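Here the structure is laid out as structure tokens; the discussion comes afterwards.
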Amino acid sequence: MNREIMEFDVVIVGAGPAGLAAACRLMQQARETCRELSLCVVEKGSEVGAHILSGAVIDPRALAELFPDWAERGAPLTTPVAADELYWLAHEGAARRIPGWLAPPSLHNEGCYVASLGKLCRWLAEQAEALGAEIYPGFAASEVLYHDDGAVRGIATGDMGVGRDGKPRPGHVPGMELHARYTLFAEGCRGHLGKELIARFRLDDKADPQHYGIGIKELWDIDPARHRPGLVMHGTGWPLAGDAGGGSFLYHGEHNQVVVGLVVDLNYTNPWLSPFDEFQRMKQHPLFRQYLEGGKRVAYGARAIAKGGFNSLPKMTMPGALLLGCDAGTLDPARIKGTHTAMKSGLLAAEAVFEALAGGEGGREPISFDARFRTSWLYDELYRGRNFGPALHRFGPWLGGAFNFLEQKLFGGRLPLTLHDRRPDHEGLKAASGCPPITYPKPDGKLSFDKPSSVFLSNTNHEEDQPCHLQLQDAAIPLAQNLPRWAEPAQRYCPAGVYEVVEQSAGAGLQINAQNCLHCKTCDIKDPSQNIRWAVPEGGGGPNYPNM
């Protein structure tokens, strides 16, 4: 296949906070030293921000390092956190507020902002372009390219106009090869190219398995009389039960809007659990109903979250490339925040790569990154939160919460003890026959909704005549193994109704509605047989979030 080749000093995969922070810092350094630097960012979403979804309560620490005058520049952080409220939800009608002094210091949000990460990324993209970076939305990086010696050479974008049968359609356009002296992978959680690189270079040999949650979020317009700008609410307990961990949140942003969501840890064991339906049930609780009732749901989305923290961090460098942000898993689970840590990883990478390029290197491993990382506040913050997730997984919400309170409050996260959780999330499911089925109430169309209407609000769209990007390694496994043993949990863990077991003329079959896919990656993570591989569809496909 003849593909056009473009040469750059640096190629960045993903226009999220890590990739855009790296782009800005690289171009700043080029200006400061009067050096020429060619840099491009490729983004699979139809526009910057289209695939961005986060809570989000944002710590501006890394942003202030990148642009000390971010407020004067008009960065969309306009709603400072005004109050923190933490609740224990005992059941569907009760909530007990936990006093602030009993909450670990990491859960306090003074100095942070309730914001849309999508808006922030669009703003960062404007800054990067003003500095001279090229940004190409709608181009999906589908393949890693390598030199003969094994070093990363760059990426290839996916073809446009390939039919479901794998043959070119009229108007077919081959992908491009983007060659670079250094390639930075900032695809977000469970990046499909990052996954390949971690395996190829054995970057996680010394790390615990990565752990994940699925975050489901809605944006609501609410009654102005109920709106409290800057209020940050977190809940734990109900509706999750047994060994299903996670937490709920509701943040009051600007313009009489709130964001409400639920994070479900993907190490849960009951295959009958549906994170989407747990979230719909959660909103009926009086704690959330008091704000949402009478309001209007205006957006919906879901995204997996890499929450293994410090213990699950892979090596982030390899010859010719680096992993950044959630592609590596830099989210701080103790603070429930990942934007500032992703951005800081991008800043550190930019400085290491620029140093290598200034020294005439290209294609070699940017070895100064590791020293920069280990002496940074990013390393210190992640290290101090290293026991947070493992404590909850091993001891449960009460004992684990008590451990985290004591370690964070009394020892500042520096207790001379490191807990580990070495069981991958997908290995946790028990047999369906040994677990109680869960009956969820029907949606009322006011506070709770079904999957089709929710996917509609995500503005998700894919070209239907293209190869399915949700690839089964063995087409027989869903019915031969997953259905009899786990009641095919893909029907429930997917928050978009992508997977359905349907009766066909030849018997039951697994139907994959790939056009509904929100790109959350949960199927790639939670499938108990590890039989589903998420790959990129045509560029521009997927959700089109307005300001999530």
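Quantities reported herein were computed from a predicted structural model and do not represent experimental measurements.
- Electrostatic pairing of Asp9 and Arg181 counts as a salt bridge here, judged by a charged N lying under 4.0 Å from a carboxylate O.
- Between Tyr545 and Ser458, the shortest heavy-atom distance links the atoms CE2-CB, 3.9 Å.
- Note that the CD1 atom of Ile155 and the CD atom of Glu177 stand 9.5 Å from one another [nearest 0.5 Å].
- Between Glu65 and Lys344, at least one side-chain N (NZ, or NE/NH1/NH2) sits under 4.0 Å from a carboxylate O, which counts as a salt bridge.
- Nearest heavy atoms, Cys112 versus Val57: CB-CG1, 3.6 Å.
- The two residues Ala350 and Arg25 make their nearest non-hydrogen contact at CB-CB, 3.7 Å.
- The residues Glu381 and Lys337 are annotated as not salt-bridged, no charged nitrogen and carboxylate oxygen being separated by less than 4.0 angstrom.
- Looking only at atom types and distance, the side chain of Gln28 has no donor-acceptor partner in the side chain of Arg31 under 3.5 Å away.
- Using a 30° and 60° split on the angle between ring planes, His252 and His227 fall in the tilted class, from 30° to 60°.
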Chi angles and distances behind the ring-ring contact (aromatic ring centres under 6.0 Å, His included) call for Phe288, Trp220: CA-CA 12 Å; Phe288 302 103; Trp220 284 66; over 10 Å; no
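- Taking every heavy atom of both residues into account, Thr78 and Tyr113 meet most closely at N-CD2, 4.2 Å.
- Classification of Glu85 and Arg228 as a salt-bridged pair holds, one side-chain N sitting under 4.0 Å from a carboxylate O.
- Within 6.0 Å of OH on Tyr136 lie more than 12 heavy atoms contributed by other residues, nucleotides or ligands.
- Note: Leu178 CG to Met6 CE = 6.5 Å, rounded to the nearest 0.5 Å.
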task: Please test Tyr182 against Arg364 for side chain to side chain contact (heavy atoms under 4.5 Å, CB included), starting from the C-alpha separation and ending with a verdict.
output: CA-CA 8 Å; Tyr182 285 102; Arg364 297 184 182 180; 4.2 Å; yes
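- Residues Asp332 and Thr341 bring no donor and acceptor atom of their side chains to less than 3.5 Å of each other.
- Side chains of Lys119 and Arg122 form a contact here, defined as non-hydrogen atoms less than 4.5 Å apart.
- Scanning both residues, Gly261 and Phe279, for their nearest heavy atoms gives CA-CE1, 3.5 Å.
- In this structure, Phe139 places its CZ atom where only 12 or fewer heavy-atom neighbours from other residues, nucleotides or ligands lie under 6.0 Å away.
- At least one donor-acceptor pair closer than 3.5 Å links the side chain of Glu187 to the backbone N or O of Gly194.
- Taken to the nearest 0.5 Å, the CG atom of Leu39 stands 8.5 Å off from the CD atom of Glu134.
- Between Ala302 and Cys520 the shortest heavy-atom distance is O-CB, 3.6 Å.
- Using cut-offs of 30° and 60° for the angle between ring planes, the Tyr251 and His234 rings count as perpendicular.
- By the 6.0 Å and 45° rule, Arg386 stacks over the aromatic ring of Tyr383.
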- prompt: Checking side chain to side chain contact (heavy atoms under 4.5 Å, CB included) for the pair Tyr212/Lys521: CA distance, chi angles, key distance, verdict?
  reply: CA-CA 10 Å; Tyr212 301 90; Lys521 313 290 183 68; over 6 Å; no
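- The number of heavy-atom neighbours closer than 6.0 Å to CD1 of Ile5, taken from other residues, nucleotides and ligands shown, is above 12.
- Atom CG of Leu131 is separated from atom CD of Glu129 by 10.5 Å, given to the nearest 0.5 angstrom.
- The main-chain N or O of Leu324 is never found under 3.5 Å from a side-chain atom of Ser345 such that the two would form a donor-acceptor pair.
- For Glu464, the CD atom is loosely surrounded, since the number of other residues' heavy atoms within 6.0 Å does not exceed 12.
- The structure places CG of Leu347 at 9.5 Å from CG of Leu26, a figure rounded to the nearest 0.5 Å.
- A tilted orientation is assigned to the rings of Phe201 and Tyr146, their planes being inclined by 30° to 60°.
- Separating the CD atom in Gln210 from the SG atom in Cys189 is a distance of 7.0 Å, to the nearest 0.5 Å.
- Checked by atom type and distance alone, the side chain of Ser54 never pairs as donor or acceptor with a backbone atom of Ala56 at under 3.5 Å.
- In this model, a donor atom of one side chain and an acceptor atom of the other lie less than 3.5 Å apart for Arg297 and Ser454.
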